[in-house]
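These notes are about the structure you will find just below.
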Number of protein chains: 2
Amino acid sequence: MARSSKSLNEVLDQLREVGLKRTQARRAILDLLVREHGPFSSEEIHAKLKSHGCDLVTVYRNVIALEKVSLIRRCDFGDRVYRYEINDSHDDHHHVVCAKCSGVTVIDYCIPKKVLDSLKKKGYQNLECRLEIFGLCPQCSRGKSLESSLSDSRKNASPNN
Amino acid sequence: MARSSKSLNEVLDQLREVGLKRTQARRAILDLLVREHGPFSSEEIHAKLKSHGCDLVTVYRNVIALEKVSLIRRCDFGDRVYRYEINDSHDDHHHVVCAKCSGVTVIDYCIPKKVLDSLKKKGYQNLECRLEIFGLCPQCSRGKSLESSLSDSRKNASPNN
DNA sequence: TTTCGTGCAAAACCTTTGCAAAGTG
DNA sequence: CACTTTGCAAAGGTTTTGCACGAAA
């Protein structure tokens with residue numbers, strides 16, 4: 001999966017701009033997200049940082065803080081796990097999520113403007129789309145039994161990667 | 001939003017078809033979902049049923065059981081709360097969710113087949129889309145009396161139609 | 001120095017599980 | 001009668017909170 005197009009320094013500059021201190025914990029978290037992109041859950045972030053990381057609680061607090069100032073964005077794949085990635089603003093890209101391995105790829109399809117325009121015409125404002133596509137990725141599609149039901153695969157698709 | 005197009009009896013018949021017993025708890029839950037459509041969380045269902053309802057645990061167990069047999073469908077609006085509605089149909093309809101009052105309306109836009117086809121060509125299987133649009137509904141966009149709680153406002157929210 | 005952020009422990013929260021009793025077909 | 005389903009209590013797991021100490025500006 002491609003790394004973020006933002007550099008760590010850019011992101012750390014943004015930290016200062018929004019009035020958050022550049023602590024070791026935030027550096028580590030942002031560094032990870034710049035390098036590996038994610039999206040990752042708080043637990044995954046904590047696990048990946050290991051020794052040079054920080055307390056799980058600190059990850060929880062920081063993803064909330066960083067999302068609040070739009071430095072990172074929260075993704076939701078319908079399994080009650082919040083995952084975070086660097087917020088490369090501009091494009092709303094969307095995800096294809098593997099129901100088995102939870103692997104994520106990005107697609108650049110967007111909801112047609114006319115769909116949103118027709119809603120605006122009815123009086124809706126501040127529209128924002130959330131689109132995720134679920135399925136089995138090519139790897140998991142190979143050599144497996146299809147008998148798994150949707151809800152089964154959802155269950156298996158939790159933090160195990 | 002309009003009530004479900006299914007009648008309670010239809011739904012109860014389906015219960016038998018899939019081999020689930022028609023208990024009072026299931027009747028009550030399905031009756032509610034047929035009447036008010038939802039989608040509602042387990043807690044909301046439990047609260048709405050009040051005295052003639054059942055234990056919260058029973059709601060939890062039954063929404064899982066009913067979803068497993070596709071009698072109801074699970075919605076996810078990205079807030080870690082699973083909500084359920086009668087599974088009326090074939091088509092994947094999608095929701096417009098008001099960020100303020102949590103009112104829900106349905107749109108019938110679908111992801112173009114060609115997007116999914118191109119993924120299938122790459123080896124993806126069992127694709128399923130989740131699309132929700134968030135924004136302010138016409139009511140909330142206009143004036144603002146906004147001290148409403150989620151569960152209260154949700155029933156009053158009949159944006160459009 | 002002042003303010004913000006962190007770690008640890010504990011609380012809070014929500015969902016699931018175990019089991020005996022009750023209900024359904 | 002066989003076997004599901006339920007209610008209650010308790011367990012489980014995750015996220016949040018309180019607070020004193022430590023780090024950043």
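In what follows, chains are A, B, ... by sequence order, proteins preceding strands, each numbered from 1. All figures in this text were calculated on a predicted structure; none of them were measured in a lab.
The side chain of B/Val57 lies closest to C/dT17 when the candidates are C/dT17, C/dT6, D/dT16.
Residue pairs meeting the side-chain hydrogen bond (donor to acceptor under 3.5 Å, both in side chains) criterion with at least one partner in residues 21-32 of chain B, sequence neighbours excluded, are B/Arg26-B/Asn62, B/Asp31-B/Arg35. Within the structure, no pair that satisfies the salt bridge (charged side-chain N to carboxylate O under 4.0 Å, His left out) test touches residues 49-65 of chain B, not counting sequence neighbours.
One can place CG of B/Asp55 at 14 Å from P of D/dA10, the figure rounded to the nearest angstrom. At whole-Å resolution of the value, CG in B/Leu30 and P in D/dT5 are 13 Å apart. Rounded to whole Å, atom C1' of D/dT6 lies 11 Å from atom CD1 of B/Ile29. Here D/dG13 presents its P atom at 21 Å from OH of A/Tyr82, a figure rounded to the nearest Å.
Residues that satisfy the ring-ring contact (aromatic ring centres under 6.0 Å, His included) test with A/His46, not counting sequence neighbours, are absent from this structure. When the ring-ring contact (aromatic ring centres under 6.0 Å, His included) test is applied to A/Phe40, no partner is found at least two apart in sequence or on another chain. Annotation: side chain to side chain donor-acceptor pair (under 3.5 Å) contacts of B/Asp117 (sequence neighbours excluded): B/Lys113.
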Exercise. Could you run through nucleotides 19-25 of chain C and give me one letter per nucleotide, 5' to 3': B if any protein heavy atom sits under 4.0 Å from the base, S if only the sugar-phosphate is that close, - if neither?
Key: ----BBS
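Two residues, B/Arg80 and B/Gly53, neighbour DNA chain D, and the one matched to the more 5' nucleotide by heavy-atom proximity is B/Gly53.
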